[in-house]
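Just follow the structure's listing: the first ligand is 1, and inside any ligand the first atom is 1. Please read these numbers as outputs of a predicted model, since none were measured by experiment.
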Amino acid sequence: MYNELSKFIRKHFNQEQGLIPIHRPLFNGNEKKYIIDAIDSTYVSSVGSYVNQLEEKICTYTDSKYAVAVVNGTNALHLSLIVAGVREGDEVITQPLTFVATANAISYCRAIPHFVDVDKDTLGLSPTILKDYLKETAQIKDGFCYNKKTGNRISACVPMHTFGLALYIDEVVEICNEYNIKVIEDAAESLGTLYKNKHTGTFGLMGVFSFNGNKIITSGGGGVIVTNDKNLAQQAKHLSTQAKIDHKWEYSHDLLGYNYRMPNINAALLCAQMENLEVFIENKRNLSDLYFDFFSDFDNVILVREIKESRSNYWLNSLLLEDLDERNNYLKYLNDQNIMSRPVWSLINNLDMYKQCPKSDLSNSMWLEKRLINIPSSVC
Ligand SMILES: *Cc1c(COP(=O)(O)O)cnc(C)c1O
């Protein structure tokens with residue numbers, strides 16, 4: 001079985017030897033052409049035509065009105081939370097099963113994360129658990145949501161679409177609307193993923209995508225905020241450019257800003273990558289189908305698949321192994337064969353920085369943490 005799997009993977013990636021990573025980027029389009037063009041233009045930094053082009057491409061692709069390109073996904077989250085009105089001492093809901101950046105962005109605002117459990121089928125924030133948790137924890141006063149115990153405002157919620165799988169985002173948004181909690185989707189991993197024919201990242205007030213080197217497409221480093229709210233988009237862009245007041249020659253600033261704008265040379269790379277995104281998604285969906293067929297012969301392994309009415313970008317394929325020894329055997333065997341596979345992130349609520357944070361019952365996340373592994377998922 002193990003041996004068959006390693007053969008299957010090596011054959012699929014057409015690589016008999018050497019390391020097969022979980023995910024590597026692919027540059028087989030206009031990447032070099034656009035980067036050289038950016039260099040020739042001398043506009044390599046945070047002003048340039050590729051940044052604007054990229055924002056237009058993202059708007060068209062995701063069907064969003066506005067996009068703001070920034071230097072990475074983490075500070076896209078940070079800026080979104082700021083412009084959504086998250087302030088020091090506020091509380092913000094997220095999930096324990098996520099990359100640490102989600103919680104860190106909340107902490108940068110000096111707000112306190114709450115960890116609410118995920119669903120086992122989506123690996124993302126659970127609307128049913130969120131609903132019960134808010135009923136117990138929250139109350140609405142003068143139009144704002146407060147934590148009954150601490151008296152602090154619960155101002156935002158950051159659900160995350162894990163590995164490109166859509167979560168039940170429409171239900172999460174509906175519940176948060178009832179409580180006047182603003183939803184910022186961490187769609188860092190799910191560019192191109194649809195739920196009910198709508199792009200993940202466009203259900204909430206704002207959504208965030210990452211273009212780090214390990215994501216489905218990359219700008220080297222980069223991120224983007226999407227929203228339909230003109231005011232929020234303008235504020236995010238303003239803050240990302242050191243809050244410099246727009247003027248032909250004068251240099252002045254009206255707020256505490258950040259140097260978060262995406263450089264043109266990174267945008268050039270990403271513009272080329274955008275041209276291939278749909279092809280990449282098709283390729284990844286095909287790989288997930290092949291893995292599905294492969295694992296259907298073995299009853300102790302489940303390949304995690306998209307929920308109904310969704311189209312996953314299948315950024316990373318993951319396996320669920322009910323038997324814990326079996327999981328460790330998989331990890332050991334594959335890594336010994338130079339085929340990368342790794343367990344899911346340690347739950348964020350167990351990290352030293354977040355141990356004291358409030359949380360719901362986290363049975364699903366704890367169950368998943370012990371059983372999930374990722375396997376090679378690159379486009380090829
Ligand atoms: C990658 C990622 C981020 C952060 O993106 P960077 O561009 O690496 O800063 C945030 N959240 C999740 C879930 C991610 O996977």
Need the list: ligand 1 N/O atoms against protein N/O atoms, distance under 3.5 Å, rounded to one decimal.
from     : atom 1 : to     : atom 2 : distance (Å)
ligand 1 : 5 (O)  : Ser210 : OG     : 3.2
ligand 1 : 7 (O)  : Gly73  : N      : 2.7
ligand 1 : 7 (O)  : Ser210 : OG     : 2.7
ligand 1 : 9 (O)  : Gly73  : N      : 3.3
ligand 1 : 9 (O)  : Thr74  : N      : 2.9
ligand 1 : 9 (O)  : Thr74  : OG1    : 2.5
ligand 1 : 11 (N) : Asp186 : OD1    : 3.4
ligand 1 : 11 (N) : Asp186 : OD2    : 2.8
ligand 1 : 15 (O) : Glu189 : OE2    : 2.5
ligand 1 : 15 (O) : Lys215 : NZ     : 3.2

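Every residue two or more places apart in sequence or in another chain that forms a side chain to side chain contact (heavy atoms under 4.5 Å, CB included) with Arg110 is listed here: Glu88. Listed by chain and residue number, nothing satisfies the salt bridge (charged side-chain N to carboxylate O under 4.0 Å, His left out) test with Lys149 (two or more places apart in sequence, or in another chain).
Side-chain contact between Ser6 and Tyr333 is present, with at least one heavy-atom pair separated by less than 4.5 Å. Residues Lys284 and Ile216 have side chains in contact (heavy-atom distance under 4.5 Å, counting atoms from C-beta outward).
Residue pairs meeting the side-chain hydrogen bond (donor to acceptor under 3.5 Å, both in side chains) criterion with at least one partner in residues 224-240, sequence neighbours excluded, are His238-Asp254.
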When you look at Asp186 and Leu77, which way does the side chain to side chain contact (heavy atoms under 4.5 Å, CB included) test go after all the steps? CA-CA 7 Å; Asp186 184 343; Leu77 283 168; 3.6 Å; yes

